[in-house]
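The next block holds one structure in the form of structure tokens; read it before the comments.
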Amino acid sequence: MADNIVFKQDLFRYVFPSGVPRDSFIVVSGEGGSGKSVILAHIVKDVLAYGEPVIYIALDDDPDTVLSSLKSFRVDVDSVCSERLLQVIDGFSYLLIAKKPYMHKCVVETITPEKPENLVLALIKVADSIGLVKKGAIIIDSLNESMITLDPSRFVFLVKSIRANLSKARGILTVASLHTSTQSLRDYLFLVEHIVDGIIETQSLPPEVSQHIPIFVRGLIVRKMKRTPYKQGVVLFGIDEEGIKPVMIRTTS
């Protein structure tokens with residue numbers, strides 16, 4: 001059995017009491033606003049809390065916005081960047097017409113993600129430069145950028161290549177977000193569901209429910225996770241000053 005990483009957050013310990021195998025490729029899917037970014041940020045926070053490195057591929061947004069989001073969840077970005085524990089691959093700024101006036105110290109590589117080999121080679125380069133084997137994590141935010149530029153067969157090849165070269169060959173936990181707001185986007189998830197090791201779906205609550213809850217609450221369901229036990233069914237979660245936690249809602253008849 002592969003070495004497991006046991007997360008610190010209450011939600012993750014509740015859903016995955018034995019942790020997850022380090023050589024897993026996990027997709028966090030869901031509609032916009034359903035909590036995917038919250039899940040990713042707290043995985044980053046937990047891995048860094050163990051003193052293990054994180055490589056974050058910023059494809060959906062610029063690195064400064066990503067790092068500001070992590071700061072809002074109490075990640076000491078300046079410290080972990082200085083210690084080379086957090087390294088960002090910038091796959092967003094290639095879109096800028098004018099050259100960026102500066103590059104954040106966390107950014108160690110820039111890529112244009114239209115070619116899948118660019119992304120895979122950048123990951124391998126950064127991982128090998130810090131000796132990332134059987135520790136740490138890779139966060140891909142998100143796979144949608146590749147979906148836009150690649151046909152389905154090349155998209156499947158990209159996922160298989162990342163899983164083979166990083167998750168399996170180097171034993172690095174890899175977590176990728178995937179926005180599935182439309183059926184066509186969900187179809188891409190169906191293409192790779194047999195390839196990946198885990199699928200976690202986040203869900204927004206119906207308005208008739210959420211309007212009566214004074215805090216951020218979303219739902220999470222594990223659709224698939226190989227080689228480890230996990231909580232079945234929908235688990236509600238919220239955030240407080242200590243982190244991300246399961247939420248129990250009492251109803252009155």
Side-chain angles (χ1 to χ4, degrees), residues 1-47 49-50 54 73 136-144 147 156 159-160 162-163 166-168 171-183 185-206 209-210 213 215-240 243-249:
M1 183 175 182
D3 179 29
N4 280 18
I5 179 168
V6 179
F7 298 108
K8 294 177 178 288
Q9 299 294 321
D10 289 349
L11 173 66
F12 302 146
R13 294 180 73 91
Y14 179 71
V15 176
F16 303 112
S18 300
V20 298
R22 286 184 178 273
D23 64 349
S24 297
F25 187 111
I26 299 170
V27 174
V28 180
S29 67
E31 299 178 352
S34 62
K36 296 184 300 299
S37 296
V38 173
I39 298 295
L40 293 185
H42 284 84
I43 290 174
V44 171
K45 187 174 181 178
D46 273 9
V47 174
Y50 279 119
V54 173
F73 293 115
I138 292 169
I139 304 296
I140 303 173
D141 187 17
S142 69
L143 288 172
N144 290 74
M147 287 166 52
V156 171
V159 173
K160 291 175 69 174
I162 294 173
R163 181 174 180 264
L166 283 306
S167 300
K168 300 307 175 184
I172 307 170
L173 175 67
T174 304
V175 184
S177 63
L178 182 63
H179 311 296
T180 53
S181 301
T182 66
Q183 184 58 49
L185 294 177
R186 289 190 64 83
D187 288 343
Y188 273 84
L189 178 60
F190 299 149
L191 285 174
V192 298
E193 64 180 352
H194 67 289
I195 299 170
V196 302
D197 300 288
I199 297 175
I200 300 171
E201 181 182 336
T202 56
Q203 303 174 341
S204 299
L205 300 186
V209 176
S210 60
I213 304 174
I215 61 172
F216 174 99
V217 175
R218 297 292 185 266
L220 176 152
I221 183 167
V222 180
R223 298 294 185 188
K224 170 184 179 180
M225 194 65 65
K226 294 180 179 178
R227 297 171 295 146
T228 194
Y230 57 86
K231 186 68 66 176
Q232 302 285 334
V234 177
V235 177
L236 300 182
F237 67 92
I239 308 170
D240 64 14
I244 187 168
K245 297 183 175 183
V247 172
M248 309 298 173
I249 299 177

### Summary
In short, R227 meets P21 closest at the heavy-atom pair NH2-CB, 3.7 Å
### Message
Taking the side chain as everything from C-beta on, heavy atoms only, tell me whether T180 gets closer than 4.5 Å to Y188.
### Response
no
### Query
Hey, does V15 have a side-chain heavy atom less than 4.5 Å from the side chain of F7?
no
### Task
Report yes if some heavy atom in the side chain of L205 is under 4.5 Å from a heavy atom in the side chain of L236; otherwise report no.
yes
### Task
Rounded to the nearest 0.5 Å, what's the gap from CZ on F12 to NE2 on H42? Could you check?
7.5 Å
### Query
Sub-3.5 Å donor-acceptor pair from the side chain of Q9 to the main-chain atoms of I244, do we have one?
yes
### Query
Is the side chain of T228 donor-acceptor paired with the backbone N or O of V20 at a distance under 3.5 Å, no angle test?
no
### Task
Report yes if some heavy atom in the side chain of M147 is under 4.5 Å from a heavy atom in the side chain of L178; otherwise report no.
yes
### Summary
Taking every heavy atom of S29 against every heavy atom of L189, the minimum-distance pair comes out as OG-CD2, 3.8 Å
#### Entry: Pairs flagged by salt bridge (Lys or Arg N to Asp or Glu O under 4.0 Å) wherever residues 231-240 is involved - sequence neighbours left out
D240-K245
### Salt-bridge present (D197, R163; N to O < 4.0 Å)
yes
### Query
Are the side chain of R218 and the backbone of K36 linked by a donor-acceptor contact shorter than 3.5 Å?
no
### Query
Out of curiosity, K160 NZ to I195 CD1, how far, rounded to the nearest 0.5 Å?
5.5 Å
### Message
Using modelled atom types and a 3.5 Å cut-off, is there a donor and acceptor pairing between side-chain atoms of K168 and backbone atoms of D23?
### Response
yes
### Spatial distance of atom OG (S24) from atom CD1 (I172) [nearest 0.5 Å]
12.5 Å
## Note on the structure
Here the pair of heavy atoms bringing S18 nearest to N4 is O-ND2, 2.8 Å
### Check ion pair D46-R13 (N to O, under 4.0 angstrom)
no
### Query
Is the side chain of T202 donor-acceptor paired with the backbone N or O of G219 at a distance under 3.5 Å, no angle test?
no
### Task
Identify the two heavy atoms, one from S177 and one from D141, that lie closest to each other, and give their separation to 0.1 Å.
OG-OD1, 2.9 Å
### Summary
CD1 of I200 to CD1 of I39, rounded to nearest 0.5 Å, is 7.0 Å
### Query
Do you know the tightest heavy-atom contact between G32 and S204?
O-OG, 4.5 Å
### Query
Quick one: are F73 and V38 in side-chain contact, heavy atoms under 4.5 Å?
yes
### Message
Check whether K224 reaches the backbone of V196 with its side chain - one donor and one acceptor, N or O, closer than 3.5 Å.
### Response
yes
### Message
Using the salt bridge (charged side-chain N to carboxylate O under 4.0 Å, His left out) criterion, which residues pair with R186? Sequence neighbours excluded.
### Response
none
### Task
Please assess Q203 against S34 for the test side chain to side chain contact (heavy atoms under 4.5 Å, CB included), listing each intermediate value before the final yes or no.
CA-CA 5 Å; Q203 303 174 341; S34 62; 5.5 Å; no
### Message
Please determine whether side-chain hydrogen bond (donor to acceptor under 3.5 Å, both in side chains) holds for the pair T174 and S167, giving the CA-CA distance in whole Å, both sets of side-chain angles, and the decisive distance to 0.1 Å.
### Response
CA-CA 6 Å; T174 304; S167 300; 3.1 Å; yes
### Task
Measure the spacing between CG of L185 and CZ of F190 and express it to the nearest 0.5 Å.
11.0 Å
### I138 side, atom CD1; I26 side, atom CD1 - distance, nearest 0.5 Å
12.5 Å
